[in-house]
2 protein chains.
Amino acid sequence: MADKHELRDKGLRLTPQRELVLAAVRELGHSTPEEVAEKVRLTHPGINLSTVYRNLETLENVGLVQHTHLGHGGATYHAAEELTHLHLVCGKCEAVGDAPLDVAANFVNALSDEYGFKTDVSHFAIYGTCSNCQ
Amino acid sequence: MADKHELRDKGLRLTPQRELVLAAVRELGHSTPEEVAEKVRLTHPGINLSTVYRNLETLENVGLVQHTHLGHGGATYHAAEELTHLHLVCGKCEAVGDAPLDVAANFVNALSDEYGFKTDVSHFAIYGTCSNCQ
DNA sequence: ATAGTTTGTGCGAATTCTTCGCAACTCGCA
DNA sequence: TGCGAGTTGCGAAGAATTCGCACAAACTAT
Ligand SMILES: [Mn+2]
Ligand SMILES: [Mn+2]
Ligand SMILES: [Zn+2]
Ligand SMILES: [Zn+2]
């Protein structure tokens, strides 16, 4: 009852568009709504961009996907289960590097202890200059 | 030669609009282009929004102002000299708290040592849930 | 299975935010 | 002063996201 019903289990109707949007996000990793739409169109050419936006929002509401801000512009989406790293974004070359979450563990703990603030380190990227661009 | 010529010293022409935009950013702290425009209009009613955008960009290019991302939307600007804290943004209540930069010092050092990545901790906000909203 | 209710979809238009093109203007320099 | 590059205002163009609405599809309950 897992695979075919995970959307129903969340109280959502199961439409081809919705399934495909979720599948696309899972396959693509970080992706913009536009990229998700392109991916979905490979098998469902008629899907409308607003349907993608609406489903991303819906899927985020039930916790199946999340959004992140990697650059100065819009958000990118990823599957909720693959929240395994933080993003190091270089302001010069635009490269996006990964680092394990535990690099930030002490920082996160400090914010929790000193400010009672529970940090989601991967919602916003960590911005700076990568080693190649120093 | 400091005060009246800081713009000239940076190689920029001195126009009323440009001076007022810089002054507005300094007085307002974090502010959107729209807020900067409103402030400037108090003394220079005719200023155009695109002039504000262009001057923010110009001033950023010479290092007098910087932009930050505090929320899911557009950027906010602040004077370069007041980069004294990082921002804790609560995803639930939208509150923006401050914390001294040195809370992040170890984290920044770790990224530098382990990845050669020079972090600008205040370009993006630190996102999470504040103590009131747990 | 069928009919009815509810929710989702496509489509086009509307918003919002930011950038452009260009003629008129003005700042700084000779 | 007077010229020439840099700036400004303005309207239009873009880009990204959201809305309104009629029609279609999915679930619910016969
Ligand atoms: Mn930025
Ligand atoms: Mn966000
Ligand atoms: Zn780089
Ligand atoms: Zn809060």
Side-chain angles (χ1 to χ4, degrees), chain A residues 1 4-25 30-62 64-77, chain B residues 1 4-25 30-62 64-77:
Chain A
M1 66 184 43
K4 212 48 182 173
H5 300 289
E6 61 180 331
L7 291 172
R8 305 293 317 282
D9 291 346
K10 297 289 187 178
L12 300 179
R13 281 199 187 172
L14 193 120
T15 68
Q17 291 90 337
R18 191 163 283 165
E19 272 190 302
L20 289 165
V21 165
L22 178 54
V25 170
H30 307 111
S31 44
T32 63
E34 189 65 58
E35 290 166 337
V36 171
E38 277 170 39
K39 177 79 176 175
V40 172
R41 288 195 186 111
L42 297 177
T43 56
H44 189 105
I47 197 173
N48 194 273
L49 232 204
S50 22
T51 299
V52 173
Y53 273 99
R54 285 183 290 225
N55 276 321
L56 287 171
E57 183 181 4
T58 301
L59 293 170
E60 186 160 35
N61 286 339
V62 298
L64 288 170
V65 310
Q66 293 186 333
H67 77 266
T68 316
H69 303 274
L70 295 185
H72 308 205
T76 61
Y77 288 81
Chain B
M1 62 186 46
K4 210 50 178 171
H5 299 287
E6 63 180 330
L7 292 172
R8 306 292 318 283
D9 292 346
K10 297 287 188 178
L12 300 179
R13 282 203 188 168
L14 191 115
T15 67
Q17 291 90 335
R18 191 164 282 165
E19 273 191 300
L20 289 165
V21 165
L22 178 54
V25 169
H30 306 110
S31 44
T32 63
E34 189 64 59
E35 290 166 337
V36 171
E38 277 170 38
K39 177 80 176 175
V40 172
R41 287 196 185 109
L42 296 177
T43 57
H44 189 104
I47 197 173
N48 193 274
L49 230 205
S50 25
T51 300
V52 173
Y53 273 98
R54 286 184 290 226
N55 276 322
L56 288 171
E57 183 181 5
T58 301
L59 294 170
E60 185 158 36
N61 286 339
V62 300
L64 287 170
V65 311
Q66 293 185 333
H67 77 266
T68 315
H69 303 275
L70 295 185
H72 308 203
T76 62
Y77 288 81

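Atoms considered below: every heavy atom in the structure, side chains included; atoms not considered: hydrogens, waters and symmetry mates. Residue numbers begin at 1 in each chain, while the letters A, B, ... track the order of the sequences. On a predicted model such as this, the values are computed, not experimentally measured, just so you know.
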Could you report the tightest heavy-atom contact between E34(A) and L49(A), atom names first, then the distance?
OE1-CD1, 3.6 Å
Would the H69(B) and H72(A) ring centres measure less than 6.0 Å apart?
yes
Without decimals, in angstroms, what is the distance between N55(B) CG and dT18(C) C1'?
15 Å
Hey, does the side chain of R18(B) come within less than 4.0 Å of dT7(D)'s phosphate (OP1/OP2), counting only N and O?
yes
Closest nucleotide among dC17(C), dA16(D), dG10(C) to the N48(A) side chain
dG10(C)
Nearest to the side chain of I47(B), heavy atoms from C-beta on, is which of dG10(C), dG9(D), dG8(C)?
dG9(D)
On DNA chain C, does the nearest nucleotide to T15(B) precede the nearest nucleotide to A75(B) from the 5' side, or the other way round? Give the residue.
A75(B)
Tell whether R13(B) reaches the base of dT7(D) with its side chain through a donor-acceptor pair below 3.5 angstrom.
no
Between dT17(D) atom P and E35(A) atom CD, what is the distance in whole Å?
11 Å
Run Y77(B) and E35(B) through side chain to side chain contact (heavy atoms under 4.5 Å, CB included) and show every step you take.
CA-CA 10 Å; Y77(B) 288 81; E35(B) 290 166 337; over 6 Å; no
Can you check the E19(A) CD to dA25(D) C1' distance for me, whole Å?
14 Å
Starting at CZ of R41(A) and ending at C1' of dG10(C), how long is that distance when rounded to a whole Å?
12 Å
For L49(A) and dC19(D), give me the distance from atom CG to atom P, rounded to whole Å.
15 Å
Q17(B) side chain N/O closer than 4.0 Å to the phosphate oxygens (OP1, OP2) of dG9(D)?
yes
To check you understand the geometry: which heavy-atom pair defines the closest contact between V40(B) and A24(B), and what is its length?
CG2-CB, 3.9 Å
With nearest nucleotide decided by heavy atoms, which residue, E34(A) or S50(A), maps closer to the 5′ end of DNA chain D?
E34(A)
To the nearest 0.5 Å, how far apart are CG in L64(B) and CG in L7(B)?
6.5 Å
Rounded to the nearest 0.5 Å, how far apart are OG of S31(B) and CD of E38(B)?
10.5 Å
Can you see if the side chain of T51(B) gets near the phosphate of dG9(D) - specifically, an N or O under 4.0 Å from OP1 or OP2?
yes
Phosphate contact (dG10(C) OP1 or OP2) by H44(A) side-chain N/O below 4.0 Å:
yes
Spacing of E57(B) atom CD relative to dT18(C) atom P, expressed in whole Å
12 Å
Think R8(B) has a side-chain N or O under 4.0 angstrom from the OP1 or OP2 of dC29(C)?
yes
Sugar-phosphate, base or nothing in reach of G46(B), heavy atoms under 4.0 Å
sugar-phosphate
Taking only the side-chain nitrogens and oxygens of R54(A), find out if one of them lies under 4.0 Å from OP1 or OP2 of dG8(C).
no
Euclidean distance, atom CG of residue L59(A) to atom C1' of dG8(C) [Å, nearest integer]
13 Å
Kindly say if Y53(A) contacts the phosphate of dT17(D), meaning a side-chain N or O under 4.0 Å from OP1 or OP2.
yes
Whole angstrom value for the distance that separates C1' of dT7(D) from CG of L56(B):
15 Å
